[in-house]
Visitor: 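First, the structure itself, so that you have it in front of you.
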Amino acid sequence: MPPQAEVILKNSYAPAVLQRLKTFPNLEQKGLTSWLIQNPVGTNYALQILEILKDLAKKEARESSVLLTETVAKIEPGKLHPKKLGRKVRDELAEKLHPVSREHEERFEAFVTSLNLPKEVKLIPPQNFEGNRYDLQISFENKEELGSTLKNIKLSLKKSAWKKLSEF
C-alpha cells in the first residue's frame, strides 16, 4: 500500500480499518483502499464491509475487490451520501453472503403482519433468530392507552397465526 494512501486512511478511519485492510492480499488492498478513500463510509461500515468481503471472497473463491466493484455497480453510488452508501454496500454484501437470512426475515415480517398487532406494538425476534426468546415492545403515552394496547394484544393471542411463531 502506498504511504500516501496509508496517511489518508489514517486521517479518515480508525486504525482498525488499516489493520483489517492489511489482512488482504497486496493486489486486492489497492482497489479496496482506493474505494474507501473515495467513499468515506465511516469506520464501522468500513470494518463490516471488509469482514463480509473477506468471507464472501473465500466462499466464492473470488477477489474481494472484484466483489466490491460488482456490488457498488448495482447501487448507483453517486446518488447516495457516503454513510448511506456504506450501509447499502454492507447490506448487499451480507445478503449475498447469507441469502437465506433475508428470506427468513421477510417471512418473519409477513408473520408479524398476519398477527394484526396494534401499531404501538413491535414483536422483535432474537438476534439472528438464534434462540427462542422474543421481545415485545409497546409504546404508549398513558395508562389508558397501555391498558387498551394490552387488551388488544390479549385478543390477538387467540388468533391461530401465533402458532407459526415456532417456525422461527
Side-chain angles (χ1 to χ4, degrees), residues 13-14 16-17 19-21 23-25 28-29 31-36 38-140 149-150 152-168:
Y13 296 97
V17 173
Q19 291 171 334
R20 180 93 28 102
L21 269 169
T23 66
F24 287 85
E28 292 185 45
Q29 283 182 26
L32 297 172
T33 299
S34 175
W35 187 82
L36 287 170
Q38 293 172 11
N39 301 281
V41 296
T43 296
N44 288 335
Y45 286 133
L47 290 171
Q48 292 169 12
I49 288 167
L50 292 173
E51 183 178 332
I52 295 168
L53 277 171
K54 189 165 269 296
D55 292 343
L56 189 58
K58 191 182 297 183
K59 178 182 174 186
E60 296 190 2
R62 298 179 63 206
E63 288 184 12
S64 301
S65 54
V66 171
L67 291 167
L68 178 62
T69 301
E70 290 174 357
T71 302
V72 170
K74 291 185 212 174
I75 295 175
E76 299 183 52
K79 297 181 178 181
L80 297 174
H81 181 276
K83 301 277 187 194
K84 288 183 180 180
L85 175 63
R87 183 180 324 115
K88 190 95 167 135
V89 168
R90 183 220 35 214
D91 292 349
E92 289 284 330
L93 289 168
E95 188 172 330
K96 192 169 185 176
L97 181 61
H98 304 290
V100 175
S101 294
R102 186 66 200 139
E103 291 170 14
H104 196 69
E105 289 171 10
E106 288 171 356
R107 281 190 321 109
F108 183 76
E109 289 169 14
F111 161 72
V112 170
T113 301
S114 75
L115 297 175
N116 293 319
L117 292 169
K119 65 179 178 164
E120 303 84 13
V121 177
K122 289 189 181 2
L123 180 62
I124 303 166
Q127 186 174 6
N128 300 320
F129 292 94
E130 296 172 359
N132 306 355
R133 301 225 22 111
Y134 293 79
D135 290 325
L136 197 61
Q137 180 181 0
I138 303 171
S139 300
F140 59 93
T149 301
L150 290 172
N152 289 334
I153 292 170
K154 190 172 181 178
L155 288 172
S156 169
L157 288 171
K158 294 179 181 180
K159 293 181 181 177
S160 63
W162 276 98
K163 292 178 184 175
K164 292 184 179 183
L165 182 64
S166 63
E167 294 177 12
F168 300 98

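Along the sequence shown, residues carry numbers from 1.
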Visitor: Below 4.5 Å, heavy atoms only, C-beta onward: do Glu120 and Asn152 meet side chain to side chain?
Guide: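 Of all side-chain heavy-atom pairs linking Asn152 with Glu120, none is under 4.5 Å.
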Visitor: Write out all pairs satisfying salt bridge (Lys or Arg N to Asp or Glu O under 4.0 Å) with one or both partners inside residues 43-54, taking only residues at least two apart or from two chains.
Guide: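 Residue pairs with at least one partner in residues 43-54: Arg20-Glu51.
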Visitor: Who are the side-chain hydrogen bond (donor to acceptor under 3.5 Å, both in side chains) partners of His104, not counting sequence neighbours?
Guide: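 Listed in chain order: Arg107.
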Visitor: Under a 3.5 Å distance rule, please check whether Ser114 uses its side chain to pair with a backbone N or O of Phe111 as donor and acceptor.
Guide: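 Flag set: sc Ser114 to bb Phe111 pair under 3.5 Å.
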Visitor: Do Leu50 and Phe24 touch side chain to side chain, with heavy atoms closer than 4.5 Å?
Guide: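 Touching, per the 4.5 Å side-chain cut-off.
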Visitor: Output the distance between atom CD1 (Ile49) and atom CG (Asn44), rounded to the nearest 0.5 Å.
Guide: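 Ile49 CD1 to Asn44 CG: 10.5 Å, rounded to 0.5 Å.
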Visitor: When rounded to the nearest 0.5 angstrom, what distance separates CG in Asp135 from CD in Gln127?
Guide: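 Going from CG on Asp135 over to CD on Gln127, the span is 11.0 Å.
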Visitor: Please enumerate all residues that pass side-chain hydrogen bond (donor to acceptor under 3.5 Å, both in side chains) together with Glu28, with sequence neighbours excluded.
Guide: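 For Glu28, the residues satisfying side-chain hydrogen bond (donor to acceptor under 3.5 Å, both in side chains) (neighbours in sequence not counted) are Ser64.
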Visitor: Identify the heavy atoms of Ala46 and Val17 that sit nearest to each other, and give their distance.
Guide: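 Distance-wise, the nearest heavy atoms are CB-CG2, 4.0 Å.
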Visitor: Measure the CG-CD1 distance between Leu68 and Ile52 for me, rounded to the nearest 0.5 Å.
Guide: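 It is 11.5 Å, given to the nearest 0.5 Å.
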Visitor: Is the shortest heavy-atom distance from the side chain of Leu150 to the side chain of Ile138 under 4.5 Å?
Guide: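 Touching, per the 4.5 Å side-chain cut-off.
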Visitor: For the NZ atom on Lys122, are there more than 12 heavy atoms of other groups (residues, nucleotides or ligands in this structure) within a distance under 6.0 Å?
Guide: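 No, the 6.0 Å shell around NZ holds no more than 12 heavy atoms from other groups.
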Visitor: Is there side-chain contact between Val41 and Tyr13, with at least one heavy-atom pair below 4.5 Å?
Guide: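 Yes, their side chains come closer than 4.5 Å.
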Visitor: Write down the atom of Leu21, the atom of Gln29, and the distance for their closest heavy-atom approach.
Guide: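 Of all heavy-atom pairs spanning Leu21 and Gln29, the closest is O-CG, 3.2 Å.
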Visitor: Considering only heavy atoms from C-beta outward, does the side chain of Leu136 approach that of Ile153 to under 4.5 Å?
Guide: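 Leu136 vs Ile153: side chains touch.
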Visitor: Report the residues that fulfil salt bridge (Lys or Arg N to Asp or Glu O under 4.0 Å) with Glu109, sequence neighbours left out, ordered by chain and then residue number.
Guide: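 Listed in chain order: Arg102.
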Visitor: Minimum heavy-atom separation for Ser65 to Leu32, with atom names?
Guide: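 It is CA-CD2, 4.0 Å.
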Visitor: What are the two closest non-hydrogen atoms of Leu67 and Thr71, and how far apart are they?
Guide: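 Between these two residues, the closest heavy atoms are O-OG1, 2.8 Å.
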Visitor: Which heavy atom in Asn132 sits nearest to a heavy atom in Pro126, and how many Å separate them?
Guide: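 Looks like N-CG, 4.4 Å.
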Visitor: Identify each donor-acceptor pair in which a side-chain atom of residues 82-89 lies under 3.5 Å from a protein atom, sequence neighbours left out, and give them as a table.
Guide:
unit_1: Arg87; atom_1: NE; unit_2: Tyr45; atom_2: OH; d: 3.1

Visitor: Which atom pairs, one a donor and one an acceptor, fall under 3.5 Å between side chains of residues 159-168 and the rest of the protein, sequence neighbours left out?
Guide:
unit_1: Lys159; atom_1: NZ; unit_2: Leu115; atom_2: O; d: 3.2
unit_1: Trp162; atom_1: NE1; unit_2: Ser156; atom_2: O; d: 3.0
unit_1: Trp162; atom_1: NE1; unit_2: Ser156; atom_2: OG; d: 3.0
unit_1: Ser166; atom_1: OG; unit_2: Lys163; atom_2: O; d: 3.2

Visitor: I need the Thr149 OG1 to Lys119 NZ distance, nearest 0.5 Å.
Guide: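 Those atoms lie 9.5 Å apart.
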Visitor: Please report the interatomic distance NE2(His98) to CG(Leu93), rounded to the nearest 0.5 Å.
Guide: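 Interatomic distance, His98 NE2 to Leu93 CG, rounded to 0.5 Å: 11.0 Å.
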Visitor: Rounded to the nearest 0.5 Å, how far apart are CD of Glu95 and CD of Glu103?
Guide: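 The distance works out to 8.5 Å.
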Visitor: Indicate the atoms forming the closest heavy-atom contact of Lys96 with Glu60, along with that distance.
Guide: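 Minimum heavy-atom separation between Lys96 and Glu60: CE-OE2, 3.4 Å.
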